[in-house]
Number of protein chains: 2
Amino acid sequence: MLDDRSKKILHAVIQLYISSPGPVGSRSITKKFPIGLSPATIRNIMSDLEDMGFLRQPHTSAGRVPTDSGYRFYVDALTAEKSDNDAELASELIRKLELIRTDINSFLDNASRMLSELSHYIGISVSLNTHQTMLSRIELLPYRKNQIAVMLITDEAVIKNKIISVEQEVSREDLNRLAGYLNERYAGHTLEDIRKTIVAEIANDRILCDGLIREAMAICNNIFSASESDVFISGLSEVLTLPDFCDIERIRRLFRTIEDKHVILSLLEKISATDGPQVLIGSENPLDELKQFSFVAAPYCEGSRPIGAIAIIGPTRMNYGQAIYLVDMTAKFITDIFSYSR
Amino acid sequence: MLDDRSKKILHAVIQLYISSPGPVGSRSITKKFPIGLSPATIRNIMSDLEDMGFLRQPHTSAGRVPTDSGYRFYVDALTAEKSDNDAELASELIRKLELIRTDINSFLDNASRMLSELSHYIGISVSLNTHQTMLSRIELLPYRKNQIAVMLITDEAVIKNKIISVEQEVSREDLNRLAGYLNERYAGHTLEDIRKTIVAEIANDRILCDGLIREAMAICNNIFSASESDVFISGLSEVLTLPDFCDIERIRRLFRTIEDKHVILSLLEKISATDGPQVLIGSENPLDELKQFSFVAAPYCEGSRPIGAIAIIGPTRMNYGQAIYLVDMTAKFITDIFSYSR
DNA sequence: ATTAGCACTCGAAGAAGGAGAGTGCTAAAC
DNA sequence: GTTTAGCACTCTCCTTCTTCGAGTGCTAAT
């Protein structure tokens, strides 16, 4: 659909714009890129690219700026040809990934931090709560008065623990019996299934329950009802250095949006349905508040089941090649960790 | 040291400045505050206050702005007389505090969120790792291949769990034996003490250890070495609405500083040594990057031992009365939760 | 088909000039 | 002696105007 020359010029505009913001003029292209064409010719081509919707003029007689579709075209070409990468970045990445491996307890925190440090954009990592998580074992322990400590050991790296309150005190023996029963019955099932089963049982036996069993049922219901996912966000300070973020109100809205972790979570849940790195550019983003930003995300898996995701949020004027590389490598690395430690 | 009239005027300047930034002039004081004095007299007094270091002129022929010492004087007077509070704020606070009580699992996250929502500044909450935490019980469970899940149940609300890697696989029975041994021997001791004892034992028995015991010792050392504290920060988007934060570079430095959780942690550790709400105003702050901001913090305790802290960070032009009220009430509330659930 | 030349456009940056708020000082009033 | 009115002065902020320069689109020449 685009001839080779047009493609080259589009890429040139985008690369210049990424390296420094502000409209790109025809002359600066001839200076930085050795295409054997004069500024006038380039102007004509740029005008064509504008008609096709890949470029845009902020105002008459200004240079051109990429549109979201322009970036989209660029990114698609990029992923097709697997860009060559900065060796320095690669070694830095590998060094930091090893750090993640050694501290499995806070790998999510470390991953988001690492992504933001290397990309200089916002780094995000989440553990997804797909309800497909499988229960390996459950432990119930008396905690304080009228409280029970629950430890859910799942097949993911993250152990969930929770304190729940109960109406009447339950002895350690009863807790052990209950835990034994739950393990025998539910180990190997997904949390979602267990929850459903328990709800059904409560409904059925409502009348004949004696005190302890009803208490036990309430406990189970509590345990398996809402299990939160973890969300880690780093590098908010990084994006403040970018000239793209000179408008405080825009940053505020962005921060406000991502401070609400549910939003991030549901977005990444959708994304992790497909595998490999996903890129959402500006208006492609489903959320209004994020339509001025770009989003590079990839799920990480245990086996073939996605159990979390990592992402980078930055301006649409993003170094996509680098961001995709970072996200892709990191997601694969984490997936590897889960595979080998099986 | 200050006569009554000067005090009133200082308070007037600060209150006007807090309600809207920009130098405060003598005439606006006479308009808003019914002190029976003319602008000229007030000018004279303000000039005196400037000599004493409580006020400052941004430039000749501009109004006055409070200095850090000015705020300090104001805050000291404030805490002495226990300011009367907004009834609406109070009821809102109580409503949200109840939410904290019902969800003990994420009370820190909720507390920081609540503080930022009510104050419109940055809300922070941390659980301190003072090494004085007492071990109630330890559970060891096989996790993945060559990994063990450890659950430390302490006398604080927060259960710490951790996955540690071991060199050789350890059977479930051995883990149970080890856990039993540790519980029998160390339950009731502080984590710090336990760590020291274990290090000493490793040093002593280095030569005679057989494989399993050495492995066990290594595990223990790993468990009790570094246990992280939790830090929750909310409301970064809130402060971006403030006119004080028009300088992006300043915000960036602030965000950069508080994104490094160690900094926050050590600051709050120091603060929680003394009880009751603490206020650090601008330059009183030990950290250079925070010298342009103010810090209101209070520890929460279990019994009399501080086990965490909550705080508000805002501009020096902060509504101190409200911030102190919020922090104080919240800290007391959390302390209460720990006392009653004993 | 490409390129040089040229008139034109538009924003950024700087200069100039009020307007306004507020001060400090002096002299009068209480 | 303290307080106040009056007044000249200062400094910022905002608006307007101008200039400058980068870059375009068009036309004619290559």
Side-chain angles (χ1 to χ4, degrees), chain A residues 2-10 12-17 19-67 70 243-244 246-247, chain B residues 2-10 12-17 19-67 70 243-244 246-248 317:
Chain A
L2 276 189
D3 60 6
D4 202 48
R5 246 182 18 174
S6 310
K7 246 187 243 177
K8 264 189 191 139
I9 298 212
L10 178 57
V13 171
I14 291 179
Q15 275 168 38
L16 284 176
Y17 190 67
S19 70
S20 90
V24 178
S26 52
R27 232 178 79 79
S28 52
I29 292 182
T30 60
K31 265 191 285 187
K32 300 278 169 56
F33 288 83
I35 322 172
L37 292 172
S38 77
T41 313
I42 292 181
R43 275 205 289 281
N44 290 330
I45 299 172
M46 289 209 295
S47 178
D48 294 347
L49 287 169
E50 186 172 1
D51 291 341
M52 287 185 269
F54 293 134
L55 295 179
R56 172 175 76 76
Q57 261 184 318
H59 56 89
T60 339
S61 89
R64 298 308 203 292
V65 161
T67 62
D244 311 67
C246 53
D247 177 15
Chain B
L2 277 189
D3 60 6
D4 203 49
R5 245 179 23 175
S6 311
K7 248 188 241 177
K8 264 189 191 138
I9 298 210
L10 178 56
V13 171
I14 292 178
Q15 277 169 38
L16 284 175
Y17 190 66
S19 69
S20 92
V24 178
S26 53
R27 233 177 78 80
S28 52
I29 292 181
T30 60
K31 267 192 284 189
K32 300 278 169 57
F33 289 82
I35 321 174
L37 292 172
S38 75
T41 313
I42 292 182
R43 277 204 288 281
N44 289 331
I45 298 173
M46 291 208 293
S47 178
D48 294 346
L49 286 170
E50 186 173 1
D51 292 340
M52 287 185 270
F54 293 134
L55 296 178
R56 174 174 76 77
Q57 260 184 318
H59 56 90
T60 339
S61 88
R64 298 307 203 292
V65 161
T67 61
D244 311 68
C246 54
D247 177 15
I248 275 200
R317 185 185 75 85

_Gap between atom CE of Met52(A) and atom OG1 of Thr67(A) - 0.5 Å precision_ = 11.0 Å
*Taking only residues two or more places apart in sequence or in another chain, which ones pass side-chain hydrogen bond (donor to acceptor under 3.5 Å, both in side chains) with Gln57(B)?*
none
*What's the CG-C1' distance between Leu49(A) and dT24(D), to the nearest Å?*
15 Å
*Which letters describe nucleotides 1-12 of chain C, given B = protein heavy atom under 4.0 Å from base, S = only from sugar-phosphate, - = neither?*
-SBBB---BSS-
*What is the distance, rounded to the nearest whole Å, between atom CD of Glu50(B) and atom P of dT23(C)?*
10 Å
*Could you state the CE-C1' distance from Met46(B) to dC25(C), rounded to the nearest angstrom?*
15 Å
*Check side-chain contact (heavy atoms from CB on, under 4.5 Å) between Asp247(A) and all other residues, then give those that pass, not counting sequence neighbours.*
Glu249(A), Arg250(A)
*asked:* Output the rounded distance in Å from CG (Asp48(B)) to P (dT23(C)).
replied: 14 Å
*side-chain contact (heavy atoms from CB on, under 4.5 Å) with Ser6(B): which residues, sequence neighbours excluded?*
Leu2(B), Asp3(B), Ile45(B), Leu49(B)
*Please state how far atom CD1 in Ile45(B) lies from atom C1' in dG24(C), giving the value in whole angstrom units.*
15 Å
*asked:* In this structure, how many angstroms lie between the P atom of dG25(D) and the CG atom of Leu55(A), rounded?
replied: 11 Å
_Using the side-chain contact (heavy atoms from CB on, under 4.5 Å) criterion, which residues pair with Pro243(B)? Sequence neighbours excluded._
Pro21(B), Arg317(B)
_To the nearest 0.5 Å, what is the distance between CD on Glu50(B) and CZ on Arg56(B)?_
9.5 Å
*asked:* Does anything in residues 41-65 of chain B form a ring pair (Phe, Tyr, Trp, His ring centres under 6.0 Å)? List the pairs, not counting sequence neighbours.
replied: Phe54(B)-Phe73(B)
*Can you tell me the distance, in whole Å, between the CG atom of Leu16(B) and the P atom of dA21(C)?*
16 Å
*Which angle, rounded to 10°, do you find between the first-five-pair axis and the last-five-pair axis of the helix from dA1(C)-dT30(D) to dC30(C)-dG1(D)?*
20°
*asked:* Is Arg64(A) close enough to dA22(D) that one of its side-chain N or O atoms is under 4.0 Å from OP1 or OP2 there?
replied: no
Distance-only donor-acceptor pairs under 3.5 Å for side chains of residues 23-33 of chain A, two or more places apart:
{"unit_1": "Ser26(A)", "atom_1": "OG", "unit_2": "Arg43(A)", "atom_2": "NH1", "d": "3.2"}
{"unit_1": "Ser28(A)", "atom_1": "OG", "unit_2": "Gly25(A)", "atom_2": "N", "d": "3.4"}
{"unit_1": "Ser28(A)", "atom_1": "OG", "unit_2": "Gly25(A)", "atom_2": "O", "d": "2.9"}
{"unit_1": "Thr30(A)", "atom_1": "OG1", "unit_2": "Arg27(A)", "atom_2": "O", "d": "2.6"}

*In whole angstroms, how far is the C1' atom of dT24(D) from the CZ atom of Arg27(A)?*
14 Å
*Could you tell me which residues satisfy salt bridge (charged side-chain N to carboxylate O under 4.0 Å, His left out) with Asp51(B), sequence neighbours excluded, listed by chain and number?*
none
